[in-house]
Amino acid sequence: MHNIKDIRNDPSKFKDSLKKRFLDLDLNKLLELDENNRKLIQEKENLEKEKKEISKSKNKDLFEKSKSISKKIDVLENKLKEIKVNLENILSSLPNIPYDDVPVGKDESSNKEVSKSGSIPKFDFKPKSHFELGENLNMLDFDLATKTTGSRFVFVKDKLALLERAISNFMIDVHTNQNGYQEISPPLIASESTMYGTGQLPKFENDQFEIKFDDKNDRKFLIPTAEVILTNMGKDRIFHLNELPLRLVASTPCFRKEAGSYGKDTKGMIRQHQFYKVELVSIVEPHNCLIELDRMTNCATKILDLLKLPYRKIILSSGDMGFSAEKTFDIEVWLPAENKYREISSCSSCGSFQARRMKSRYKNKKNETVFLGTLNGSGLAVGRTLIAILENYQQSDGSIKIPEVLKPYMNNLDKIVKK
RNA sequence: GGAAGGAUGGCUGAGCGGUUGAAAGCACCGGUCUUGAAAACCGGCAAAGGGGCAACUCUUUCCUGGGUUCGAAUCCCAGUCCUUCCGCCA
């Protein structure tokens with residue numbers, strides 16, 4: 001959410017910065033509503049002042065007049081309510097403004113590689129895809145999931161289920177013990193206002209799974225990422241300076257409809273309606289956002305370093321970034337079967353964009369109340385890490401070596417082999 | 001699901017029809033003192049929005065939404081959430 005004052009002060013600058021998002025919108029309606037809003041506010045305030053003075057004077061002769069003022073105020077209030085709804089509808093649908101150093105471009109083709117790390121494994125056989133490997137081991141079962149649930153779900157079984165759990169535990173341990181994050185086990189269901197706070201609503205309702213509760217006025221959604229629930233821990237709150245930075249980590253299932261991506265990655269577990277993800281969230285003073293973004297990104301890549309998985313870091317172009325982000329680094333892991341890098345983490349700074357939506361504030365050094373900065377990043381997507389391990393650690397016989405750092409989490413198992 | 005109590009500023013907590021935006025304490029910020037810190041003392045300190053270059057000023061807000069009244073944190077109605085007790089249950 002943007003501050004209407006910023007838009008009002010320099011509409012053309014604001015418009016230009018949204019052009020980086022390839023949005024050419026007409027701000028006139030917004031500005032017109034804003035002006036009208038302020039005009040009516042002034043009228044209303046004058047009446048209120050008058051009314052206040054009458055009641056203070058306790059002069060009975062003026063009481064009738066006060067009543068008639070009340071009626072006028074009622075009319076104005078109704079008009080204002082309507083304007084406010086319209087204003088907020090427009091404002092809440094505007095995406096965040098890309099930070100200065102974000103490459104401008106329409107889509108992922110303008111993303112820029114920042115760095116590369118790790119060595120790409122050489123195979124003296126044709127590497128298999130994760131779903132071939134998993135199905136041959138009888139440890140990934142897509143057909144069964146289709147039967148019980150539907151498409152884009154999977155049963156992970158036996159030692160791969162253990163591996164999935166190990167990955168998750170390993171990552172959380174690194175983030176809590178070495179990276180200074182506090183572990184959270186949050187609700188997996190979020191209220192409508194919580195979803196609004198991080199920017200999933202109102203614009204992206206179609207991507208969300210809504211839960212049916214008895215009370216129809218109280219809408220609830222399965223979280224599409226722990227970012228939603230963790231970031232909203234600061235909702236409607238004023239933090240003390242000494243509580244910052246707040247760094248949170250959670251491993252949770254995520255639920256996404258992924259509407260519009262049908263036909264993409266239909267095979268395997270790259271794109272599922274449900275997947276586990278270890279999520280990092282930082283709540284910081286807004287001027288520290290970009291430093292924190294680098295820090296967070298390093299926390300994520302550290303996991304890949306420890307797992308000895310090759311990856312690259314890219315900066316997303318303005319057109320490819322998420323709605324709430326001002327700057328995003330994606331980390332892509334090497335997948336031998338696809339012979340390319342695939343996204344395994346996405347770390348974003350949202351500046352004060354989300355904080356403004358959810359009224360998440362703190363008292364700064366000068367004792368002023370200001371909006372916080374929020375960041376979120378995957379550290380990492382568990383399902384995709386499983387895929388990357390399957391593909392990068394596969395052996396010619398179809399078995400899977402276990403990365404050194406995961407062995408303690410897997411009863412010191414060396415290898416996953418077919419029974 | 002049944003019964004009772006409650007919701008006030010960053011926090012604790014008074015107020016229960018008329019300068020109450022709201023006592024007091026804590027926290028926080030500034031200052032005096034101190035080599036420095038602590039303690040002590042003095043001062044400041046709610047948010048949102050409008051107007052103004054600014055100093056400043058106005059309006060709203062005591063869970064939410066209605067109502068009574070010239071006037072509501074205070075009275076009435078509805079709802080939400082919390083706490084305690086009982087029942088049920090992983």
Side-chain angles (χ1 to χ4, degrees), chain A residues 1-10 30-92 185-197 211 213-221 229 232-246 253 283-287 352-373:
Chain A
M1 182 86 95
H2 297 288
N3 188 345
I4 182 78
K5 281 184 197 162
D6 296 339
I7 304 177
R8 185 193 301 151
N9 285 342
D10 198 344
L30 186 69
L31 293 169
E32 194 185 299
L33 282 168
D34 176 49
E35 208 181 308
N36 215 262
N37 187 38
R38 286 183 297 153
K39 203 185 89 200
L40 292 178
I41 285 172
Q42 284 179 53
E43 276 181 47
K44 181 178 152 234
E45 285 184 356
N46 286 336
L47 290 171
E48 277 166 344
K49 197 178 173 195
E50 200 178 335
K51 192 178 150 185
K52 213 173 174 177
E53 268 154 15
I54 292 175
S55 95
K56 257 185 196 169
S57 74
K58 299 183 198 171
N59 180 347
K60 286 200 174 93
D61 299 337
L62 294 171
F63 287 177
E64 277 308 310
K65 191 178 178 194
S66 177
K67 277 186 180 177
S68 77
I69 292 174
S70 294
K71 280 186 190 128
K72 283 186 203 162
I73 290 177
D74 270 355
V75 173
L76 285 173
E77 265 176 355
N78 285 331
K79 277 190 200 166
L80 276 165
K81 234 181 233 170
E82 200 189 319
I83 290 175
K84 208 179 162 203
V85 168
N86 284 327
L87 258 176
E88 289 199 339
N89 280 344
I90 297 178
L91 268 181
S92 65
S185 175
L188 304 178
I189 291 173
S191 69
E192 188 175 8
S193 70
T194 293
M195 294 287 278
Y196 174 86
I211 305 278
F213 267 63
D214 293 340
D215 182 357
K216 287 171 275 351
N217 298 320
D218 189 20
R219 300 182 73 196
K220 310 251 193 239
F221 299 82
I229 203 89
N232 273 284
M233 284 171 74
K235 179 179 168 187
D236 284 320
R237 245 200 86 179
I238 300 178
F239 284 80
H240 268 123
L241 192 50
N242 62 20
E243 296 175 89
L244 304 174
L246 184 62
I283 298 178
V284 302
E285 290 188 79
H287 55 267
S352 295
F353 185 85
Q354 293 180 323
R356 199 168 282 122
R357 286 180 159 244
M358 56 194 187
K359 300 195 171 38
S360 189
R361 292 163 296 175
Y362 78 110
K363 294 261 188 209
N364 70 9
K365 198 100 197 271
K366 291 187 219 152
N367 233 11
E368 301 160 324
T369 308
V370 261
F371 288 112
L372 285 155

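Atoms considered below: every heavy atom in the structure, side chains included; atoms not considered: hydrogens, waters and symmetry mates. Naming: A, B, ... by sequence-line order, numbering from 1 per chain.
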(request) Determine the interatomic distance between C1' on G10(B) and the same-named atom on C62(B); round to the nearest Å. (result) 16 Å

(request) Tell me whether the OP1 or OP2 atom of G49(B) has a side-chain N or O from Lys44(A) closer than 4.0 Å. (result) no

(message) Checking side-chain polar atoms at under 3.5 Å, does Lys235(A) have a donor or acceptor matched by the opposite partner on Ser360(A)?
(response) no

(request) Rounded to the nearest angstrom, tell me the gap between atom CZ in Arg38(A) and atom C1' in G49(B). (result) 11 Å

(request) Grab the CG-P distance between Leu76(A) and G50(B) for me, whole Å please. (result) 17 Å

(request) Scan every strand shown for a Watson-Crick or G-U wobble partner of A40(B), both distances under 3.5 Å, and answer none if you come up empty. (result) U32(B)

(request) Pick the P atom in U59(B) and in C75(B), then give their distance to the nearest Å. (result) 25 Å

(request) Considering only atom C1', compute the distance from G25(B) to G9(B) and round it to an integer number of Å. (result) 13 Å

(request) Examine distances only and state if a side-chain atom of Arg356(A) and a backbone atom of Met1(A) form a donor-acceptor pair shorter than 3.5 Å. (result) yes

(request) Report the distance from atom NZ of Lys84(A) to atom P of U60(B), rounded to the nearest whole Å. (result) 15 Å

(message) Any heavy-atom pair between the side chains of Asp34(A) and Ile7(A) that's under 4.5 Å?
(response) no

(message) Strictly by Watson-Crick or wobble contacts shorter than 3.5 Å, is anything paired with A55(B), and which nucleotide is it?
(response) none

(message) Could you tell me the Watson-Crick or G-U partner of A7(B), where both distances fall under 3.5 Å? Say none if there is no partner.
(response) U80(B)

(request) Identify which nucleotide among A27(B), A46(B), G51(B) has an atom closest to any side-chain atom of Gln42(A), counting heavy atoms from C-beta outward. (result) G51(B)

(request) Grab the CD-C1' distance between Glu243(A) and C11(B) for me, whole Å please. (result) 11 Å

(request) Starting from P on G10(B), measure out to CG on Asn364(A) and report it in whole angstrom. (result) 14 Å

(request) Please confirm whether the backbone N or O of Glu35(A) pairs with a side-chain atom of Arg8(A), one donor and one acceptor, at under 3.5 Å? (result) no

(message) Could you tell me how far G13(B) sits from A90(B) if I compare only their C1' atoms? Round to whole Å.
(response) 39 Å

(request) Classify the nucleic acid contact of Lys365(A) as base, sugar-phosphate or nothing, counting any heavy atom under 4.0 Å across all strands shown. (result) sugar-phosphate

(message) Heavy atoms only, 4.0 Å cut-off, all strands: where does Lys51(A) land among base, sugar-phosphate and nothing?
(response) sugar-phosphate

(request) Rounded off to whole Å, could you give me the NZ-to-P distance for the Lys72(A) and U59(B) pair? (result) 18 Å

(request) Mind checking Ser55(A) for me? I need base, sugar-phosphate or nothing, with any heavy atom below 4.0 Å counting as a touch. (result) base

(message) At 4.0 Å (heavy atoms only), tell me whether Lys5(A) reaches a base, stays on the sugar-phosphate, or touches nothing.
(response) sugar-phosphate

(message) The side chain of Lys58(A) is closest to which nucleotide in this list: G50(B), A46(B), G18(B)?
(response) G18(B)

(message) Nearest to the side chain of Glu48(A), heavy atoms from C-beta on, is which of A27(B), G50(B), U60(B)?
(response) U60(B)

(request) Return the nearest nucleotide to the side chain of Lys49(A); candidates are G50(B), C58(B), C70(B). (result) C58(B)

(message) So, using ring pair (Phe, Tyr, Trp, His ring centres under 6.0 Å) as the criterion, who are the partners of Phe353(A) when residues are at least two apart?
(response) His2(A), Phe323(A)

(message) With a cut-off of less than 4.0 Å, is there a side-chain N or O of Lys67(A) near OP1 or OP2 of C70(B)?
(response) yes

(request) For Glu77(A) and G50(B), give me the distance from atom CD to atom C1', rounded to whole Å. (result) 15 Å

(message) Among residues at least two apart in sequence or on other chains, which ones pass side-chain hydrogen bond (donor to acceptor under 3.5 Å, both in side chains) with Glu43(A)?
(response) none

(message) For a quick check of understanding: with a heavy-atom distance under 4.0 Å over all strands, which category does Lys71(A) fall into, base, sugar-phosphate or nothing?
(response) nothing

(message) Considering every strand and a 4.0 Å limit on heavy-atom distances, what is the contact class for Lys52(A): base, sugar-phosphate, or nothing?
(response) sugar-phosphate

(request) Flag the pair Glu243(A) and Arg237(A) as a salt bridge only when some basic side-chain nitrogen lies within less than 4.0 angstrom of an acidic carboxylate oxygen. (result) yes

(message) Pairing check on C45(B): which nucleotide meets the Watson-Crick or G-U wobble criteria with it, both distances under 3.5 Å?
(response) none

(message) Regarding Lys366(A), tell me which of base, sugar-phosphate or nothing describes its non-hydrogen contacts under 4.0 Å with the strands shown.
(response) nothing

(message) Can you measure Lys56(A) atom NZ to U19(B) atom P for me and round it to whole angstrom units?
(response) 9 Å

(request) Using both distances under 3.5 Å as the test, list the Watson-Crick or G-U wobble partner of A24(B), or none. (result) U12(B)

(message) Counting the atoms with a prime plus P, OP1 and OP2 as sugar-phosphate, which does Arg361(A) contact under 4.0 Å by heavy atoms, base, sugar-phosphate, or nothing?
(response) sugar-phosphate

(request) Using only heavy-atom distances, decide whether a donor-acceptor pair under 3.5 angstrom links the side-chain of Glu45(A) to the base of G51(B). (result) no

(request) Go through U60(B), C28(B), G51(B) for me and flag the one nearest to the Arg8(A) side chain. (result) G51(B)

